[in-house]
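Values below: all heavy atoms of this structure, side chains included; hydrogens, waters and symmetry mates excluded.
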Amino acid sequence: MTYCVGLLLDAGVVLLSDTRTNAGLDNIAIYRKMFTFSVPGDRVIAIMTAGSLSVTQTVIARLTDAAEDPDANETQSILKAPTMLKVAQLVGTMLSDVTVEVSNKISRMNQGASASMIVAGQRKGGPMRMFLIYKEGNFIEATADTPYLQIGEHKYGKPILDRVITPETSLAEAQKAVLLSMDSTLRSNLSVGMPLDLAVIRTDALEVSELRRIEATDEGFAKMSSAWSKALKDGFQQIDTV
């Protein structure tokens with residue numbers, strides 16, 4: 001399984017994904033689930049994936065091929081689409097088509113293929129936008145009322161986001177929030193695992209402002225996790241029984 005989360009803020013977007021992929025307890029591997037595309041000064045796009053690896057890898061491969069094709073037009077390449085809405089529509093169509101293709105191939109084994117994606121970014125002259133795209137190709141968009149989106153094992157990391165995230169949240173606080181959201185998920189679900197990929201895109205930067213991998217040995221993440229556990233235990237002890 002996986003867990004990916006994206007925050008849409010006034011200051012930009014913060015994205016975090018794990019890298020664990022498993023097909024059973026004895027078949028665990030690491031695969032990147034965050035991908036970035038950009039034309040500095042014109043647009044920046046980040047995509048996070050969850051679900052069937054055969055579907056997501058095919059979608060990303062085709063999107064990458066189109067982005068690198070100088071002859072591709074705005075209906076084929078996310079780097080030439082005129083708006084982020086058109087980018088979301090293009091990715092949605094690709095995801096839907098690949099899902100059908102893969103599902104048809106494995107239907108003889110009574111199996112299915114499913115995937116979802118988070119697409120975030122900004123086109124020059126337009127606002128920063130973020131979409132959750134479903135396997136059917138349809139999507140929803142993050143808003144000021146709900147400024148975050150999740151895919152995969154989202155239930156464990158949702159409570160902290162509900163309590164602390166608003167559009168006015170700073171990028172620094174947002175990074176802390178997604179890391180603690182991930183920490184809660186890591187502790188509760190073995191199908192989500194490190195290393196983690198973290199990306200920050202500042203509003204109007206039109207490029208990835210920060211991109212880093214957080215390994216299991218990262219001292220900063222371990223310290224944050226320990227402090228969060230202590231804060232929760234201390235807070236629990238201080239609350240009176242009803």
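Taken to the nearest 0.5 Å, the CE atom of Met182 stands 11.5 Å off from the CD atom of Glu153. Note that the OG atom of Ser77 and the CZ atom of Phe37 stand 9.0 Å from one another [nearest 0.5 Å]. In this structure, OG1 in Thr19 is found 10.5 Å from CE in Met34, a value given to the nearest 0.5 Å. Taken from CG in Leu211 to CZ in Arg213, the straight-line distance is 9.5 Å, to the nearest 0.5 Å. Taking CE from Met84 and CD1 from Ile45, the interatomic distance works out to 5.0 Å, rounded to the nearest 0.5 Å.
Looking only at distances, a side-chain donor or acceptor of Arg43 sits under 3.5 Å from a matching main-chain atom of Ile78. In this structure, the side chain of Thr93 engages the main chain of Gln89 through a donor-acceptor pair within 3.5 Å. Checked by atom type and distance alone, the side chain of Thr58 pairs as donor or acceptor with a backbone atom of Ser54 at under 3.5 Å. Counting only distance, with no hydrogens or angles, the side chain of Ser209 and the backbone of Ala205 share no donor-acceptor pair below 3.5 Å. Side-chain N or O atoms of Thr203 include one that pairs as donor or acceptor with a backbone N or O of Gly12 at under 3.5 Å. Between the side chain of Ser38 and the backbone N or O of Pro40, no donor-acceptor pair lies under 3.5 Å.
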Going through the distances and angles, do Leu63 and Leu90 end up as a side-chain contact (heavy atoms from CB on, under 4.5 Å)? CA-CA 9 Å; Leu63 291 174; Leu90 195 158; 3.7 Å; yes

Run the numbers on Val44 and Thr36 for side-chain contact (heavy atoms from CB on, under 4.5 Å), then give the verdict. CA-CA 7 Å; Val44 58; Thr36 61; 5.8 Å; no

Could you walk me through whether Leu198 and Val178 satisfy the side-chain contact (heavy atoms from CB on, under 4.5 Å) test, starting with their C-alpha distance in whole Å, then the side-chain angles of each, then the deciding distance to 0.1 Å, before giving a yes or no? CA-CA 9 Å; Leu198 175 69; Val178 295; 4.2 Å; yes

Tyr148 vs Lys158, side-chain contact (heavy atoms from CB on, under 4.5 Å): CA-CA, chis, key distance, verdict: CA-CA 10 Å; Tyr148 69 86; Lys158 187 174 186 293; 3.4 Å; yes

Does the side-chain hydrogen bond (donor to acceptor under 3.5 Å, both in side chains) test come out yes or no for Asp204 and Gln122, once each step is laid out? CA-CA 7 Å; Asp204 295 329; Gln122 185 178 21; 2.8 Å; yes

What verdict does the salt bridge (charged side-chain N to carboxylate O under 4.0 Å, His left out) test give for Arg62 and Glu68, after you've listed the backbone C-alpha separation in whole Å, the side-chain angles of each residue and the deciding distance to 0.1 Å? CA-CA 10 Å; Arg62 292 183 182 179; Glu68 295 175 349; over 6 Å; no

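Pairing each heavy atom of Val55 with each of Ala115, the nearest pair is CG1-CB, 3.8 Å. Considering all non-hydrogen atoms of both residues, Met130 and Ala120 come closest at CG-CB, 3.8 Å. When all heavy atoms of Asp183 and Ser225 are compared, the closest pair comes out as OD1-OG, 2.7 Å. Residues Lys135 and Ser114 share a closest heavy-atom pair of CD-OG, 3.4 Å. Between Leu161 and Ala177, the shortest heavy-atom contact is CD2-O, 4.2 Å. Of all heavy-atom pairs spanning Phe139 and Tyr134, the tightest one is CA-CD1, 4.2 Å.
When the side chains of ILVMFWY residues are joined at heavy-atom separations under 4.5 Å, either directly or via intervening members, Tyr156 and Met194 end up in two distinct hydrophobic clusters. There is no path of hydrophobic side-chain contacts, each under 4.5 Å, that joins Ile47 to Ile140.
Residues Asp10 and Pro167 form a side-chain contact, since some pair of their non-hydrogen atoms from C-beta on lies under 4.5 Å apart. Residues Leu8 and Arg129 form no side-chain contact, since every pair of their non-hydrogen atoms from C-beta on lies 4.5 Å or further apart. Side chains of Thr99 and Glu101 form no contact here, defined as non-hydrogen atoms less than 4.5 Å apart. Taking the side chain as every heavy atom from C-beta outward, Asp69 and Gln76 never approach each other to under 4.5 Å. With contacts defined as side-chain heavy-atom distances shorter than 4.5 Å, the pair Trp228/Leu179 does not qualify. Counting heavy atoms from C-beta outward, Ile60 and Thr64 have side chains that approach closer than 4.5 Å. Residues Val87 and Phe131 form no side-chain contact, since every pair of their non-hydrogen atoms from C-beta on lies 4.5 Å or further apart. Side-chain contact between Leu171 and Arg202: present, with at least one pair of heavy atoms (C-beta onward) separated by less than 4.5 Å.
Looking only at atom types and distance, the side chain of Glu168 has a donor-acceptor partner in the side chain of Thr166 under 3.5 Å away. At a cut-off of 3.5 Å, with distance as the only test, a side-chain donor of Ser181 or Tyr3 sits close to an acceptor on the other residue. Side-chain polar atoms of Ser17 and Arg32 form no donor-acceptor pair below 3.5 angstrom. Side-chain contact of Asp145 with Thr143: a donor-acceptor pair under 3.5 Å is absent, judged by distance alone.
Between Glu207 and Lys124, none of the side-chain N atoms (NZ, or NE/NH1/NH2) sits under 4.0 Å from a carboxylate O, so this pair counts as no salt bridge. Ionic pairing of Lys33 and Asp197 is not present here: no N-O contact between side-chain nitrogen and carboxylate oxygen is shorter than 4.0 angstrom. Lys86 and Glu74 are not joined by a salt bridge, as no carboxylate oxygen comes within less than 4.0 angstrom of a charged side-chain nitrogen.
With a 6.0 Å radius and a threshold of 12 heavy atoms from other residues, nucleotides or ligands, Glu219 has its CD atom at or below the threshold. Dense packing is recorded around CG of Leu232, with more than 12 heavy atoms of other residues, nucleotides or ligands lying under 6.0 Å away.
Remark: of the listed residues Asn189, Thr185, Thr2, Thr2 is the sole one forming a side-chain hydrogen bond (donor to acceptor under 3.5 Å, both in side chains) with Asp18. When each of Val5, Leu132, Ile133 is checked for a side chain to side chain contact (heavy atoms under 4.5 Å, CB included) with Ile151, only Leu132 meets the rule.
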